[in-house]
There are 2 protein chains.
Amino acid sequence: MAKPRHSRLDCTPGCAVEAAISLIDGKWKAVILYHLQEGPVRFNELRRRSGSVTQRMLTNQLRELETDGLIEREVFAQVPPRVEYRLSERGRTLSPIIEALKAWGDANMDLFARRWTARA
Amino acid sequence: MAKPRHSRLDCTPGCAVEAAISLIDGKWKAVILYHLQEGPVRFNELRRRSGSVTQRMLTNQLRELETDGLIEREVFAQVPPRVEYRLSERGRTLSPIIEALKAWGDANMDLFARRWTARA
DNA sequence: AGATACGGTATCCTTTTCGACACTATGGGC
DNA sequence: GCCCATAGTGTCGAAAAGGATACCGTATCT
């Protein structure tokens, strides 16, 4: 998020869940993190893999993930420019969540099929 | 979500992740699901446990979760009214995700402390 | 000379989210 | 007669998220 939608640390038990989800919400962050699981990926490669994300959105989301310390950005002094994104140490610890999301999504595709045909 | 922010089922590998996250995004759904893990909870009890959620938001989120088949709503014909929410069969399969979020959040509280003091 | 690829920015606009507040109906306690 | 609790609904408006489009500079390919 990089902009907290939460005001305090009065932390009821649900607070940790709220905090964690706030880092990967938005339409693209979880997907980006998923694509980075295997190793470093370049900007446009990420763009291609993530479907319909616009350049602006991808830039924004990557910046926020970087600010939150979940990914790292490496610029190679080349022409044409080459910028690689990779999971940070902390970002790697998110893997169980990303994997769980992937697994659940795969197992429940029927649900999305219904939702999308019914209302899209 | 209940309103798809996605257009198609052209499903690149990241699609499953995107689909799954779309069900629990927003500020409250994951927290609600977390509070329902232990068993049925009444409306106002959920409200109290979830911190600063307004009545309207809680109602909305519960309705969407119900529409998506993740929770069930049971109304008892009493006065004052009594309405209980519980995880559905499918909702229970989300537990690994919720637990992973909780665990990660607990393990990374330092990050949120920094974010919140820096910008809130 | 023109098109392409790279990794972005800047600007504008629409959609979605979310919070504040008021309002509902019922019955019980004071 | 009035306020309390329960579980909501309706309307309003601000703010945030997200999409469209145009633009940048460099270098290489044709």
Side-chain angles (χ1 to χ4, degrees), chain A residues 1-8 18 21-32 35-36 40-68 71-86 119-120, chain B residues 1-8 18 21-32 35-36 40-67 71-86 115 119-120:
Chain A
M1 238 329 75
K3 279 156 287 170
R5 302 204 283 193
H6 317 276
S7 38
R8 290 183 297 150
E18 188 182 350
I21 196 82
S22 78
L23 286 179
I24 58 171
D25 74 354
K27 210 168 146 182
W28 305 109
K29 287 191 188 171
V31 181
I32 292 169
H35 288 307
L36 293 181
V41 183
R42 298 181 58 175
F43 184 86
N44 273 355
E45 179 58 24
L46 211 42
R47 187 148 129 77
R48 277 186 289 270
R49 286 198 210 167
S50 301
S52 59
V53 67
T54 62
Q55 216 166 23
R56 192 179 88 86
M57 281 311 299
L58 185 54
T59 304
N60 282 353
Q61 303 289 288
L62 287 168
R63 291 289 183 276
E64 290 192 8
L65 288 169
E66 197 191 354
T67 300
D68 288 336
I71 64 172
E72 285 157 10
R73 180 170 182 268
E74 186 174 6
V75 182
F76 297 84
Q78 297 180 0
V79 157
R82 171 193 180 84
V83 180
E84 276 186 5
Y85 293 90
R86 77 192 67 232
R119 280 189 286 268
Chain B
M1 240 332 70
K3 280 156 285 171
R5 303 205 283 194
H6 318 274
S7 41
R8 288 185 297 151
E18 188 182 349
I21 196 80
S22 78
L23 285 180
I24 58 170
D25 74 354
K27 208 167 146 183
W28 306 109
K29 287 190 189 173
V31 181
I32 293 170
H35 287 307
L36 293 181
V41 183
R42 297 181 60 176
F43 184 85
N44 273 355
E45 180 57 26
L46 212 42
R47 187 148 129 77
R48 276 185 289 270
R49 287 198 211 168
S50 301
S52 59
V53 66
T54 61
Q55 215 165 24
R56 195 175 89 78
M57 280 311 299
L58 184 54
T59 305
N60 282 354
Q61 303 290 290
L62 286 168
R63 291 288 182 279
E64 290 192 8
L65 287 169
E66 197 191 354
T67 301
I71 64 173
E72 284 157 8
R73 181 171 181 267
E74 184 173 6
V75 183
F76 297 83
Q78 296 181 3
V79 157
R82 172 195 180 84
V83 181
E84 277 187 4
Y85 294 89
R86 76 192 67 232
R115 294 208 313 152
R119 281 188 286 269

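Naming convention: chains lettered A, B, ... in sequence-line order (proteins, then strands); numbering from 1 in each chain. No hydrogens, no waters, no symmetry mates; every other heavy atom, side chains included, goes into these values.
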When every nucleotide of nucleotides 25-30 of chain D is labelled 5' to 3' by its protein contacts under 4.0 Å (heavy atoms), B for base, S for sugar-phosphate only, - for none, what sequence of letters results? --S---
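Here the nucleotide nearest the side chain of R42(A), chosen from dC6(C), dA7(D), dG8(C), is dC6(C). Comparing atom distances between the K27(B) side chain and each of dG7(C), dA7(D), dG19(C) picks out dG19(C) as nearest.
At dT9(D), one or more side-chain N or O atoms of R63(B) fall inside 4.0 Å of OP1 or OP2 (strictly under the cut-off). Contact check, R48(A) against dC6(C): a side-chain N or O comes under 4.0 Å of OP1 or OP2.
When rounded to the nearest whole Å, the span between CD of Q78(A) and P of dG8(C) equals 13 Å. Counting to the nearest Å, the P atom of dG8(D) and the CD atom of Q61(B) are 14 Å from each other. At whole-Å resolution of the value, CZ in R47(B) and C1' in dA20(C) are 12 Å apart. At whole-Å resolution of the value, CG in N60(A) and P in dA17(D) are 10 Å apart. Remark: P of dT9(D) and CG of L58(B) are 11 Å apart, rounded to the nearest angstrom. Rounded to an integer number of Å, the gap from D25(A) CG to dG18(D) C1' is 13 Å. In this structure, CE of M57(A) is placed 15 Å from P of dG8(C), rounded to the nearest angstrom. dT11(C) atom P lies 16 Å from atom CD of Q55(A), rounded to whole Å.
Between R47(A) and N44(A), some side-chain heavy-atom pair lies under the 4.5 Å cut-off. Using a 4.5 Å heavy-atom cutoff, the side chains of L62(A) and L46(A) are in contact. With a 4.5 Å cut-off on side-chain heavy atoms, V83(B) and R73(B) count as touching.
Among the heavy atoms of the strands, none lies under 4.0 Å from F76(A).
In this structure, the side chain of H35(B) does not engage the main chain of V41(B) through any donor-acceptor pair within 3.5 Å.
The residue among W28(B) and F43(A) whose nearest nucleotide of DNA chain C lies closer to the 5′ end is F43(A).
Applying the 3.5 Å distance criterion, the base of dT11(D) shares a donor-acceptor pair with the side chain of R56(B).
Remark: R48(A) CZ to R42(A) CZ distance equals 8.5 Å, nearest 0.5 Å. Put simply, CG on L58(A) and CD1 on I32(A) are 5.0 Å apart, with the number rounded to the nearest 0.5 Å. The CH2 atom of W28(B) lies 8.0 Å from the OG1 atom of T54(B); values are rounded to the nearest 0.5 Å.
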